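Computed from heavy atoms alone, side chains included, the values below leave out hydrogens, waters and symmetry copies. What you are looking at is a predicted structure, and each value in this text was computed from that prediction instead of being measured.
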Amino acid sequence: MNEIEQKRIDRATSHAMHEFLKARCLAILIGPTSAPRSIGTGTCFHASGRFFVATAAHVVLKVPVEEIWLLHVRRGHQTRVPIERVIASGGGDYDTIDLALLELTAQAAASIGREFVSPASFGDPPQRAREALTHVFGYPWDLIDQDRVADGEFHFGGVSWATLHVEPSSFPDRADAEFDVAFDYSEHGVVGVERVPLRLPRPGGFSGASIWALNPNLARPLVGPQNARWIGIQRAWVPERRIAYGNRVSLLDPLLSK
């Protein structure tokens, strides 16, 4: 993202999107809490009176449900959130679909202190890069305080950034425009309060990250979370091109009928 494109990103809007997504996403820890193996990201949403955390299937593939922890407290000891069942599709190296739903009871959903997105927030990805800003939120492995893990405490952080949508003509070979959305994962994609580019963490943990689109051309103060649409769930990235991609959220519909 060049300097001119960065200037299109209003700091207040980026901060508002960060707070908006932080309230709707959580980290998914895999493994015993004393020795976690990986971390992913989930987005909370509800449909037809049911409550879910949506993520990439490979995050939870072949993992016993008792080893899936929803980290809803950012610091300290975690209270286990019971997961009713895991509904997954794909997740293998060569699968086109890589989506999973962790279904929660209404009581469990109320206990995690998150807002649950409604299907009204689902949207289609833009066709051209400059039609929308892409906002992404995830929980990278690099931001876990490893010194606290042995004591059963988890101190971790979420990262959000604004970037540009990748047009289908420029998709990586293994991404499919019919099923996926893609975006630029710049090495220095976060702009701090002093407008100094900050280095993004390695993308480990961003599997399942929440991908949203926001129209930057609306007149202020209309630009903000109220105009954002959830368009995708991150599943992979291509290091040599610094492009990440994931399935469209519309592909969650078949999982809801299972």
Side-chain angles (χ1 to χ4, degrees), residues 1 9-29 39-47 51-56 59 70-75 99-102 104 109 112-126 132-144 156-165 181-186 189-193 198 200-201 203-216 218 221-235 237 244-249 252:
M1 188 182 300
I9 303 172
D10 181 88
R11 278 187 297 172
T13 299
S14 293
H15 176 74
M17 284 299 300
H18 177 85
E19 294 301 313
F20 174 84
L21 295 176
K22 183 171 69 173
R24 290 157 177 81
C25 297
L26 43 68
I28 302 172
L29 192 77
I39 191 172
T41 301
T43 304
C44 301
F45 83 100
H46 67 89
F51 298 87
F52 305 95
V53 177
T55 188
V59 172
L70 303 181
L71 304 186
H72 57 292
V73 179
R74 188 172 170 227
R75 296 179 180 273
L99 293 172
L101 297 176
L102 311 181
L104 309 179
I112 63 176
R114 293 295 193 277
E115 298 288 335
F116 281 72
V117 175
S118 77
S121 294
F122 290 16
D124 294 321
L133 293 174
T134 299
H135 286 257
V136 187
F137 187 96
Y139 290 93
W141 177 267
D142 285 355
L143 295 189
I144 297 177
F156 60 96
V159 171
S160 66
W161 69 98
T163 182
L164 292 178
H165 178 74
V181 298
F183 56 90
D184 184 35
Y185 190 87
S186 301
V190 176
V191 179
V193 293
L198 304 176
L200 279 169
F206 286 132
S207 290
S210 201
I211 308 168
W212 292 66
L214 181 65
N215 185 344
L218 294 173
L222 293 178
V223 176
Q226 69 274 18
N227 302 114
R229 291 295 177 263
W230 186 23
I231 62 170
I233 296 171
Q234 183 172 330
R235 65 187 182 103
W237 85 304
Y245 61 94
N247 283 151
R248 298 176 180 227
V249 293
L252 290 172

Beyond-backbone contact of H46 with S118, side-chain heavy atoms, under 4.5 angstrom: yes
Which pair of non-hydrogen atoms, one from A54 and one from L101, has the smallest distance, and what is that distance? CB-CD2, 3.8 Å
Give me the atom names and distance for the closest heavy-atom approach of H165 to P125. CE1-CB, 3.9 Å
Between CD1 on residue I211 and OH on residue Y245, distance to nearest 0.5 Å: 11.5 Å
Separation between CG of L99 and CZ of R235, rounded to the nearest 0.5 Å: 8.5 Å
CG of N247 to CD1 of I233, rounded to nearest 0.5 Å, is 7.5 Å
If you compare all heavy atoms of R114 against all heavy atoms of C25, which two are closest, and at what distance to 0.1 Å? NE-O, 2.7 Å
For F183, give me all partners under ring-ring contact (aromatic ring centres under 6.0 Å, His included), at least two apart in sequence or on another chain. none
Checking A100 now: which residues fulfil side chain to side chain contact (heavy atoms under 4.5 Å, CB included) with it, not counting sequence neighbours? T55, A57, V60, A88
Spacing of W237 atom CH2 and S207 atom OG [to the nearest 0.5 Å]: 11.5 Å
Looking only at non-hydrogen atoms, find the nearest pair between G138 and T41 and report the distance. CA-OG1, 3.4 Å
List for me each residue that meets side chain to side chain contact (heavy atoms under 4.5 Å, CB included) alongside A213, sequence neighbours excluded, and say none if there are none. P126, A132, I231
So, S210 side chain and F137 main chain: donor-acceptor pair closer than 3.5 Å or not? no
For residues I39 and A27, report the shortest heavy-atom separation together with the two atoms involved. CD1-CB, 3.9 Å
May I ask you to test the V159-F206 pair for a side-chain heavy-atom distance under 4.5 Å? yes
How far does CD1 of I28 sit from OH of Y139, to the nearest 0.5 angstrom? 10.5 Å
Check R24 against V117 and note the closest heavy-atom contact, atom names and distance. CD-CG2, 3.9 Å
Side chain to side chain donor-acceptor pair (under 3.5 Å) with T134: which residues, sequence neighbours excluded? none
Partner set under ring-ring contact (aromatic ring centres under 6.0 Å, His included) for F51, not counting sequence neighbours: F116
List in chain and number order the residues that pass ring-ring contact (aromatic ring centres under 6.0 Å, His included) with F52, two or more places apart in sequence or in another chain; answer none if no residue qualifies. F45
4.5 Å side-chain heavy-atom contact, T43 and V249: no
For a 4.5 angstrom cut-off between non-hydrogen side-chain atoms, does P225 reach W212? no
CZ on F122 to CZ on R229, rounded to 0.5 Å: 11.5 Å
Got a donor-acceptor contact below 3.5 angstrom from the R248 side chain to the V181 backbone? no
